[in-house]
Amino acid sequence: MPSSPADPGPRYPRWSDRLIRQLDNFAATRSKAVRVPALVLARQDGGDVRSPAFMVREYEHRLARGRGNSPFQVPHAVVDDAELAGGFIPAVDQVALRFQLTMPSGRLRLSAFHMCRAVLESERGTGDVQAQQQPILDELHTAWLKRRWPLRVGAQIAAFFGRHFLTGWLQGLVAALIVGFPKVCYRFYLRHWGLRWAADELGAACFLDAALAFCKDSDLDREDPRVRRILLRALLTDLRKATRWRTWLSHTWARRRWSFVVLIPEIDDVTGPGRAFLDTFEELAGDQPSQPLLVLAACAGPPPDYAASLGPDPDRPNGIADKVFAFLNEGSDEPVRLVTLPAEDDTEGTARKKIETHPSVSARRDHPLDWLRPAVLPVMAAATAGIVVAPHYLWPAPPPRPPKPPSCVAVETGERVGVTDGTQCDLAVRGDRGKELRELEHQVAEENARITDGRYRTLVFLAPLSLQKGVYDDPPIGLQILRGAIAQQHKLNIGVRQNKMPIRLLIANTGQYFKYGSHSAKSPRDPDVTQMILDRQRKDHIAAVIGLTQSRPESLNAARELDRAGIPVIANGVTGSNMVGPDSPQRYFQISAPNTRVATTLAGFLRNSPAVRALTSGTPHAVVVYDPTDTYFSTDLKNLFVDAYREYGDIDEVTYSEKPGATTPESIANDVCNRVAATHGIVVYLGRSGVLPSLLTAMQRAGGQCQPAEGATIPLIAESAPIDFQLHPEKTARAYPYMTLFYEAANAPTQDPRDSYSRFTQDFAAVFGDRGADADAAGGFDTVGIVTQVIEYLLPASHDVEPNDIYLWLTASGFSEYPGASGVLRLDGKNKYPPNKAVFIREIRQPRGKTSTLLSCGILPDRQNPARWGTPPDTFPCPRETT
């Protein structure tokens with residue numbers, strides 16, 4: 001009979017990497033929760049019952065990853081039934097010892113624990129109560145001397161004087177001062193003040209009376225629940241002292257932000273030390289603070305009855321991790337929580353890879369310069385006081401300097417980046433280049449000034465809002481999206497609602513190409529606008545960040561910085577696949593459709609559209625114009641479009657760059673026109689909309705094939721169109737008479753006054769008058785509305801809504817059919833972006849610039865999701881998003 005294949009061993013369950021990330025965060029930073037629950041890992045029916053124990057043992061390796069060349073990550077201990085015997089006391093001894101041995105920095109003093117432990121090994125005396133307590137007291141005092149080296153040195157000095165005839169008379173005096181007096185104080189402390197909680201546990205008057213009840217020859221068994229509670233509570237008391245807040249003058253001020261971690265791989269043996277430790281923790285933690293201690297256990301059989309279910313959805317990627325985050329950071333009335341892991345394993349190794357490569361728990365290590373601050377600060381304080389009180393004529397006053405703006409910085413690109421509320425500083429440069437942004441700053445300042453009661457939440461609009469010096473692209477799309485956000489702020493702040501929360505706006509300009517939006521490893525001294533936002537988080541009551549507007553590595557890094565700080569991001573105008581991919585931040589959402597949906601829509605439209613076929617021949621030959629340096633947006637969209645269209649028609653690729661100094665639109669205009677004329681095809685523009693006018697102008701100046709015969713036009717379809725193209729199509733047609741333009745949009749105006757977009761245009765006009773509204777402004781309008789609605793949903797339960805509360809609500813409840821001006825939106829724990837969001841393709845016809853909507857697919861404003869598009873009898877299947 002052939003031998004069976006070797007058992008590969010347990011695998012990580014699905015989503016285990018996200019759970020471990022939350023454990024890492026808590027172990028490294030320790031929350032403010034007073035009652036931190038123990039976590040018991042179990043497996044859903046059908047899963048490998050060995051996996052919980054496997055995860056606990058693997059986590060022990062993670063905490064000890066630094067062993068050898070560097071200190072441990074955080075202090076931790078393992079209570080293993082296979083290695084320990086004898087019940088609870090050997091287990092708690094092992095925990096205390098391992099905590100001391102795995103300290104990342106400094107020493108761990110467990111005075112209360114060792115005092116109680118010494119009582120367990122002490123024998124009582126004979127006679128009255130004080131006589132019975134005397135041997136115990138002497139042993140405790142001897143142990144106290146061993147822990148306090150100054151007293152130990154004093155006793156040695158007294159003994160030294162006693163050995164000499166001439167100094168023998170000093171022995172009594174020295175012994176009385178530095179030995180006898182501290183001993184009297186120590187006895188008084190134990191009889192009246194010390195460890196009062198131990199006396200309360202046993203119903204005694206003081207600790208020494210309680211010691212008679214649990215010393216070596218007392219009536220209490222070593223495994224009595226009261227003895228267990230005393231030892232564990234003593235350990236918790238010492239741990240709280242080890243992690244307590246320290247002043248700036250302490251050399252350990254920057255350390256000990258971590259927690260102590262106890263790992264119990266198996267608790268299935270009800271008489272084993274692991275179960276004994278967990279049972280004692282459950283008895284104690286319901287009433288006493290357990291903040292410095294995290295207990296992580298695992299069971300293969302039925303969990304303990306007292307383990308309250310965590311209650312997440314294990315099928316949702318962040319379901320378990322979110323609930324663990326909430327209970328560890330907010331505390332729990334139930335001292336033990338049951339974490340049920342999904343039955344499915346991580347068969348592809350994704351979780352394992354993320355666990356192995358993700359940064360592990362990091363502890364603050366010792367450094368010789370730690371002593372510099374407590375030594376230097378008093379000296380500096382004394383020197384400063386001397387300078388202040390010295391005659392002022394010794395140091396002539398320097399000339400006054402103009403005050404610097406708090407957060408607006410001029411950079412080498414000729415822009416101003418930073419954060420402002422419209423009054424604090426000016427992000428707009430002088431002249432016409434800064435006119436639009438300057439007007440919006442004034443508008444935001446006026447809207448913020450309407451809030452007078454001091455109760456508000458702040459949203460930060462983070463996006464590129466300016467152009468570099470010497471760049472003459474179309475104005476940034478973020479300006480129009482910001483107008484939509486301001487229109488929603490105005491509507492909400494003047495409205496009347498039951499749980500109204502006023503909304504302030506901050507404007508954060510990252511500079512063109514999002515250059516200064518996040519920390520740059522290549523230029524670490526450059527401004528970091530995201531860090532400026534984090535510096536103002538508490539002062540300005542920041543609830544969320546909106547905008548972003550561009551898919552770039554810098555914008556994704558900004559979202560990650562905000563995610564690490566617990567701030568959710570609701571983006572708009574962002575379509576790159578990487579922004580919503582598996583490595584995107586947990587707290588990132590967007591209301592725009594991704595490139596996967598846009599690419600299939602463009603491909604399906606080109607294949608079937610009668611309007612396109614009338615301008616081309618057969619299945620149109622696609623001349624794709626894209627930017628290879630714009631990897632997150634343009635290149636990503638090009639790759640997806642080519643994959644979707646290759647089976648229908650031929651494709652040519654033409655590259656350019658949005659940034660000056662590389663392949664520009666002027667250098668490719670003739671090549672594009674020649675290819676379109678030779679193939680009788682269509683230009684597929686997959687670059688940034690702000691550069692499209694530059695390409696069209698270059699084609700107009702090129703001549704040759706770029707100037708077709710009278711009555712003929714070159715067809716071009718773009719992923720999006722500049723704002724002026726959408727608002728003034730007749731002007732666009734006159735400016736480019738040789739071109740028929742198609743473009744994809746997030747919505748299309750209707751005549752129905754009940755349509756959300758129609759109502760939005762009225763709200764927009766109330767603030768900006770005759771300036772036209774478009775789909776981009778509608779997106780800004782929706783992001784403010786979504787965050788505000790979540791805040792006001794949460795207000796009845798909590799008057800102090802935090803950013804993480806917004807994220808947890810979105811993942812747990814979310815929106816299923818939010819009636820947005822930019823379309824019907826769905827956001828929740830499974831959807832970082834709205835699935836089946838409506839997309840439209842519109843045409844600007846020659847010669848008068850009449851605009852018509854040719855394709856409408858997805859969930860439309862009337863909640864319908866049509867299967868086909870077009871005008872009967874020429875209808876075609878609506879393209880479906882591919883992953």
Side-chain angles (χ1 to χ4, degrees), residues 400-451 456 458-490 493 503-518 520 523 525-537 539-542 545-550 554-555 558 690 723 767-769 771 777 780 784:
R401 295 181 179 179
K404 295 183 178 180
S407 57
C408 296
V409 182
V411 292
E412 60 183 5
T413 61
E415 303 167 277
R416 294 180 64 82
V417 300
V419 186
T420 182
D421 67 352
T423 61
Q424 297 160 338
C425 57
D426 190 3
L427 292 170
V429 297
R430 295 181 179 179
D432 290 340
R433 286 176 55 225
K435 180 181 178 182
E436 288 191 61
L437 180 54
R438 190 176 302 106
E439 291 174 351
L440 293 177
E441 287 179 342
H442 294 163
Q443 188 69 48
V444 167
E446 290 179 7
E447 296 297 336
N448 289 342
R450 298 177 187 272
I451 304 172
Y456 60 85
T458 299
L459 305 184
V460 184
F461 187 86
L462 174 68
L465 298 172
S466 60
L467 299 177
Q468 296 182 3
K469 192 174 182 179
V471 175
Y472 300 99
D473 291 348
D474 204 53
I477 193 175
L479 295 173
Q480 185 71 349
I481 299 176
L482 176 56
R483 290 189 183 95
I486 296 172
Q488 180 72 282
Q489 179 196 19
H490 175 80
N493 286 353
I503 296 297
R504 290 180 72 246
L505 273 182
L506 293 180
I507 302 175
N509 180 27
T510 64
Q512 194 174 12
Y513 314 128
F514 224 98
K515 182 175 181 179
Y516 302 99
S518 58
S520 172
S523 303
R525 295 186 179 181
D526 283 352
D528 180 355
V529 176
T530 299
Q531 186 58 49
M532 294 179 184
I533 295 173
L534 299 181
D535 293 341
R536 303 173 60 143
Q537 179 180 356
K539 181 185 73 172
D540 287 304
H541 304 290
I542 294 175
V545 170
I546 60 175
L548 265 67
T549 73
Q550 292 187 1
E554 294 81 3
S555 60
I723 297 170
V767 180
F768 295 101
R771 178 180 287 274
V784 175

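Keep in mind the model is a prediction, meaning the values are calculated, not measured.
Qualifying ring-ring contact (aromatic ring centres under 6.0 Å, His included) partners for Tyr513, counting only residues two or more places apart in sequence or in other chains: none. With sequence neighbours excluded, the residues forming a side-chain hydrogen bond (donor to acceptor under 3.5 Å, both in side chains) with His490 are Glu447, listed by chain and number.
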Salt bridge (Lys or Arg N to Asp or Glu O under 4.0 Å) between Glu439 and Arg483, intermediate numbers included: CA-CA 10 Å; Glu439 291 174 351; Arg483 290 189 183 95; 5.4 Å; no

Trace of the side-chain contact (heavy atoms from CB on, under 4.5 Å) decision for Leu440 with Phe768: CA-CA 10 Å; Leu440 293 177; Phe768 295 101; 3.9 Å; yes

Criterion side-chain contact (heavy atoms from CB on, under 4.5 Å) on Leu459 and Leu506, from CA distance to verdict: CA-CA 6 Å; Leu459 305 184; Leu506 293 180; over 6 Å; no

Candidate pair Val409 and Met532, rule side-chain contact (heavy atoms from CB on, under 4.5 Å), full reasoning: CA-CA 11 Å; Val409 182; Met532 294 179 184; 3.9 Å; yes

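A heavy-atom distance below 4.5 Å is found between the side chains of Ser518 and Glu554. Considering only heavy atoms from C-beta on, Leu505 stays 4.5 Å or farther from Thr458 through its side chain. You'll find the side chain of Ser466 stays beyond 4.5 Å of the side chain of Val429, heavy atoms only. In this structure the side chain of Ile546 never reaches within 4.5 angstrom of the side chain of Val460, judged on heavy atoms. Within the 4.5 Å cutoff, side-chain heavy atoms of Leu427 are placed close to those of Glu441.
How far CD1 of Ile533 is from CG of Asp540: 10.5 Å, rounded to the nearest 0.5 Å. Atom CG in Leu467 sits 10.0 Å away from atom OG1 in Thr413 (nearest 0.5 Å). The structure places OG1 of Thr549 at 6.0 Å from CZ of Phe461, a figure rounded to the nearest 0.5 Å. Tyr456 contributes atom OH, which lies 4.5 Å from atom CZ of Arg504 (distance to the nearest 0.5 angstrom). Interatomic distance, Arg771 CZ to Gln480 CD, rounded to the nearest 0.5 Å: 6.5 Å. With rounding to the nearest 0.5 Å, the separation of OG1 in Thr510 from CG in Leu465 is 7.0 Å.
The side-chain contact (heavy atoms from CB on, under 4.5 Å) test with Ile507 is passed by exactly one of Asp421, Leu482, Leu462, Val419: Leu482.
Checked by atom type and distance alone, the side chain of Gln489 pairs as donor or acceptor with a backbone atom of Ile503 at under 3.5 Å. Asp526 contributes no side-chain N or O that, together with a main-chain N or O of Ser520, makes up a donor-acceptor pair within less than 3.5 Å. Not one N or O on the side chain of Asp432 forms a donor-acceptor pair closer than 3.5 Å with the backbone of Lys435.
No salt bridge links Asp426 with Arg416; every basic N to acidic carboxylate O contact stays at or beyond 4.0 Å. A salt bridge links Lys515 with Glu412: the closest approach of a Lys/Arg side-chain nitrogen to an acidic carboxylate oxygen falls below 4.0 angstrom.
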